[in-house]
Amino acid sequence: MEFKSINTTTEKKELSTWQTFTNNQIVRFFLSAGVAAVADSIAYYIIINFIINHSDVLIGDKLIKAHEFSFIISYSFGVLVNFIITKFLVFTDSTLKNRQQFSRFVLVACLGFFANYILLKIFVEVFNFWPTFARVDALLSLGIASYYIHRLFTFRNENDD
């Protein structure tokens with residue numbers, strides 16, 4: 001019978017580093033946003049390729065292009081995923097009602113959508129940034145602002161007044 005020596009000091013240090021990393025609220029916020037972005041992207045891929053098969057969608061008398069329809073549905077799905085993760089893993093101490101948190105979260109997400117669009121246009125059309133870099137720059141700039149907006153508005157603790 002062979003016994004292997006386990007270096008518990010190293011394991012404790014790794015666990016401690018991981019716990020320190022995941023105990024940081026900002027890190028958890030950006031991880032939740034990353035998971036939501038992946039969920040959004042996968043939903044977009046499935047919707048456009050398998051559900052509507054790149055066909056435009058007629059709703060009432062309005063024809064919506066396939067990429068726009070897929071974006072609206074996948075973005076909405078990403079917002080829902082992001083809300084659930086953010087509520088239960090990031091801002092767990094909020095005293096606001098769930099419905100109030102969700103409506104505020106959706107409001108911030110909608111404002112964030114348009115702010116991203118405006119920043120992207122400015123970075124590309126005014127400052128001549130490469131579009132991919134401009135998209136990432138806009139996303140990160142607003143991501144930091146979004147964290148503070150959600151902390152102070154969406155998931156605030158009424159006792160902090």
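As the structure is a prediction and not an experimental result, all values here were calculated from the model. Only heavy atoms go into these numbers, but all of them, side chains included; no hydrogens, no water, no symmetry mates.
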N/O donor-acceptor pair under 3.5 Å between [X] side chain and [Y] backbone:
X    : Y    : value
S103 : Q100 : yes
Q101 : F155 : no
S94  : R156 : yes
S70  : H67  : no
D40  : A36  : no
D56  : L63  : no
T92  : L89  : no

Validation row, ring centre F29 to ring centre Y148 under 6.0 Å |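 No, they do not, as the ring centres are separated by 6.0 Å or more.
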Would you confirm whether the ring centroid of F133 sits within less than 6.0 angstrom of the ring centroid of F127?
-> no
Check: F105 and N82 side chains under 4.5 Å, non-hydrogen atoms |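 Answer yes - side chains close enough.
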Does the side chain of K87 come within less than 4.5 Å of F102's, by heavy atoms?
-> no
Taking atom [atom1] of [X] and atom [atom2] of [Y], what is their separation to the nearest 0.5 Å?
X    : Y    : atom1 : atom2 : value
L120 : E125 : CG    : CD    : 8.5 Å
L58  : K62  : CG    : NZ    : 10.5 Å
D137 : I122 : CG    : CD1   : 11.5 Å
I42  : F77  : CD1   : CZ    : 8.5 Å
N53  : I47  : CG    : CD1   : 13.5 Å
F69  : Y44  : CZ    : OH    : 11.5 Å

[X], [Y]: one ILVMFWY side-chain cluster at the under-4.5 Å cut-off?
X    : Y    : answer
I72  : I51  : no
L152 : I149 : no
Y147 : V35  : no
I118 : V126 : yes
F114 : L140 : no

Parallel, tilted or perpendicular: rings of F91 and H150 (30°, 60°) | tilted
According to the interplanar angle, ranging from 0 to 90°, do the rings of F71 and F113 count as parallel (below 30°), tilted (30 to 60°) or perpendicular (above 60°)?
->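 The arrangement is tilted - the two ring planes meet at 30° to 60°.
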Which atom of [X] lies closest to which atom of [Y], heavy atoms considered:
X    : Y    : value
A138 : L119 : CB-CB, 3.8 Å
V79  : A109 : CG2-CB, 3.8 Å
L142 : N116 : CD1-N, 3.3 Å
I26  : N24  : N-OD1, 2.9 Å

Assess whether atom CZ of F153 is packed by more than 12 heavy atoms of other residues, nucleotides or ligands within 6.0 Å.
->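 Yes - once you tally the heavy atoms of other residues, nucleotides and ligands closer than 6.0 Å, there are more than 12.
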